[in-house]
Amino acid sequence: GNTKLNFTNIMNIIRNLPGPLLIFLGALSLSFGGLIVKSFEGATLWQILFWRSLFFSLTVLTFLIISYKKKTFKAFYDSGLPGFIGGIILSFGFCGYVFAMYNTTVANTNFIISLQILFLAIFGYIFLKEKINAVTLTSIVLAMTGVLVMVGNSLSPGEFSGNLAAFTMPITFAVLIMIVRKYPSVDMVPAQFIAGVSSCLIGFMLSTKIMISPHDIFLGFLAGFFQVGFGFIFITIGARTTPSAMVGIIMLSESVLGPIWAFLFVSERPSTFGLIGGAIILSAVLLQFYSLLNKSKKSVSH
């Protein structure tokens with residue numbers, strides 16, 4: 001019974017962490033995506049999608065069973081239509097990510113994914129009436145400048161289909177965050193399970209064969225369990241208490257960290273523009289955290 005107790009404690013600690021910190025931890029996990037995808041030996045993209053989604057679904061299910069025990073089915077029932085729709089929409093994003101990585105450059109994919117900062121701010125304003133303050137607006141402008149500097153010089157026309165597919169990512173992610181923000185009392189982690197199972201099925205149907213090397217299966221496990229699994233669980237919990245525009249800005253740390261891991265582990269050298277752009281994006285993220293700290297200090301002193 002001891003291990004169960006510890007696990008429940010860990011879960012409670014996770015759920016009680018400040019939202020923005022959880023978003024950052026989620027972005028940190030997700031930032032290993034490019035590195036993992038680059039490390040596969042022989043797997044096709046649909047095989048990668050299948051294994052990654054399979055392990056992702058199992059991770060989310062385990063998380064739900066530990067959280068809810070006998071009430072796991074109820075958690076799915078309670079997430080209702082918003083959860084089901086959120087899950088299906090997110091699975092398009094998962095497939096789009098894999099398709100984009102296959103048909104266009106990593107730079108293009110990352111650039112298009114970072115546009116989620118705009119979708120989140122705009123959707124939040126339109127659908128949730130979330131006001132965007134001066135600091136957040138400054139951060140968004142800074143961040144977009146950074147993103148353009150970072151990849152503006154490396155954007156290639158690429159495959160139109162790949163670039164188009166990459167757009168499913170920021171849009172589906174923004175929609176998911178809108179649903180999480182709109183129904184903060186509903187646990188949207190079950191939606192992640194639905195997304196995982198749907199993309200797993202799509203990967204299965206589009207793969208000619210499912211078996212890949214043990215090395216690649218292990219990478220699929222790393223991607224599903226650690227990178228996407230923890231990434232999305234942290235973000236889904238953190239987004240309940242974090243304004244949409246801020247989620248977008250903190251999520252950009254994924255775009256900055258991704259190239260750093262590639263540099264450290266597969267010695268892929270970032271360009272000078274990449275470094276300058278990354279620094280600008282990072283300053284936008286830090287500006288948000290700084291304004292957050294000030295707000296919490298003010299609320300303490302009042």
Side-chain angles (χ1 to χ4, degrees), residues 26-27 29-30 33-34 36-37 40 43-64 72-73 75-104 109 112-113 115-116 119-120 123 161-183 186-207 210 219-237 239 247 251 254:
S29 303
L30 289 177
I36 296 174
V37 168
F40 277 90
T44 66
L45 263 128
W46 300 117
Q47 288 170 331
I48 294 175
L49 179 71
F50 170 79
W51 288 100
R52 187 178 108 140
S53 306
L54 178 70
F55 287 117
F56 171 70
S57 308
L58 293 172
T59 304
V60 175
L61 190 59
T62 309
F63 179 88
L64 287 168
T72 304
F73 278 113
F76 278 93
Y77 183 75
D78 290 345
S79 72
L81 204 59
F84 183 73
I85 294 169
I88 298 294
I89 288 172
L90 191 63
S91 71
F92 290 130
F94 284 169
C95 298
Y97 180 82
V98 170
F99 188 86
M101 282 289 184
Y102 196 61
N103 286 305
T104 187
T109 308
I112 293 169
I113 289 174
L115 296 176
Q116 64 198 16
F119 289 112
L120 282 164
F123 288 6
S161 61
N163 291 341
L164 206 59
F167 265 102
T168 56
M169 292 288 299
I171 295 170
T172 54
F173 182 76
V175 170
L176 175 80
I177 300 298
M178 288 308 110
I179 298 174
V180 173
R181 301 279 304 142
K182 183 102 178 126
Y183 305 95
V186 178
D187 188 355
M188 296 301 283
V189 178
Q192 311 289 340
F193 179 73
I194 292 165
V197 172
S198 312
S199 14
C200 193
L201 287 171
I202 293 169
F204 181 77
M205 290 188 289
L206 293 174
S207 298
I210 281 310
L219 284 178
F221 164 74
L222 275 186
F225 175 74
F226 168 68
Q227 185 235 333
V228 213
F230 277 60
F232 272 96
I233 289 171
F234 284 153
I235 291 162
T236 307
I237 299 170
V247 172
M251 283 300 297
E254 177 191 348

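Keep in mind that what you see is a predicted model, and the values were worked out from it rather than measured. All residue numbers in this chain count up from 1 along the given sequence.
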*Asks:* Say you draw a straight line from CG of Leu61 to CZ of Phe76; how long is it, rounded to the nearest 0.5 Å?
*Replies:* 6.0 Å

*Asks:* Check the pair Asn163, Ile112 against side-chain contact (heavy atoms from CB on, under 4.5 Å), reporting the backbone distance first and the verdict last.
*Replies:* CA-CA 8 Å; Asn163 291 341; Ile112 293 169; 4.0 Å; yes

*Asks:* Distance from Ser29 atom OG to Ile235 atom CD1, nearest 0.5 Å?
*Replies:* 7.5 Å

*Asks:* Please give me the minimum heavy-atom distance between Ser79 and Pro190, naming the atom from each residue.
*Replies:* OG-CB, 3.8 Å

*Asks:* Before we go on, tell me: are the rings of Phe55 and Phe225 under 6.0 Å apart, centre to centre?
*Replies:* no

*Asks:* Give me the atom names and distance for the closest heavy-atom approach of Gly196 to Ser53.
*Replies:* O-CB, 3.4 Å

*Asks:* Work out which heavy atom in Ala191 is nearest to a heavy atom in Gly83; give both atom names and the distance.
*Replies:* CB-O, 3.1 Å

*Asks:* Please tabulate, for the side chains in residues 169-178, all donor-acceptor contacts under 3.5 angstrom to protein atoms that are two or more places apart in sequence or on a different chain.
*Replies:*
unit_1 : atom_1 : unit_2 : atom_2 : d
Thr172 : OG1    : Thr168 : O      : 2.6
Thr172 : OG1    : Met169 : O      : 3.1

*Asks:* How long is the span from the CZ atom in Phe40 to the CZ atom in Arg52, to the nearest 0.5 Å?
*Replies:* 8.5 Å

*Asks:* Applying ring-ring contact (aromatic ring centres under 6.0 Å, His included), can you list everything that pairs with Phe99, at least two apart in sequence or on another chain?
*Replies:* none

*Asks:* Picking from Trp46, Phe56, Phe50, what satisfies ring pair (Phe, Tyr, Trp, His ring centres under 6.0 Å) with Phe94?
*Replies:* Phe56

*Asks:* Between atom CG of Leu54 and atom SG of Cys200, what is the distance when rounded to the nearest 0.5 Å?
*Replies:* 4.5 Å

*Asks:* With Gln192, which of Thr59, Leu64, Leu90 fulfils side-chain contact (heavy atoms from CB on, under 4.5 Å)?
*Replies:* Leu90

*Asks:* Work out which heavy atom in Ala195 is nearest to a heavy atom in Ser91; give both atom names and the distance.
*Replies:* O-CB, 3.4 Å

*Asks:* Do side-chain atoms of Gln47 reach the backbone of Ile210 as a donor and acceptor pair under 3.5 angstrom?
*Replies:* no

*Asks:* As an exercise, state the distance from CG of Leu201 to SG of Cys95, rounded to the nearest 0.5 Å.
*Replies:* 10.0 Å

*Asks:* Within a strict 4.5 Å, meaning less than it, do heavy atoms of the Leu115 and Phe167 side chains meet?
*Replies:* yes

*Asks:* Quick one: does Phe232's side chain get under 4.5 Å of Val60's, heavy atoms only?
*Replies:* no

*Asks:* With rounding to the nearest 0.5 angstrom, report the CD1 to CD1 distance, Ile194 to Ile89.
*Replies:* 11.5 Å

*Asks:* Which word best sums up how the rings of Phe226 and Phe230 line up, parallel for under 30°, tilted for 30 to 60°, or perpendicular for over 60°?
*Replies:* tilted

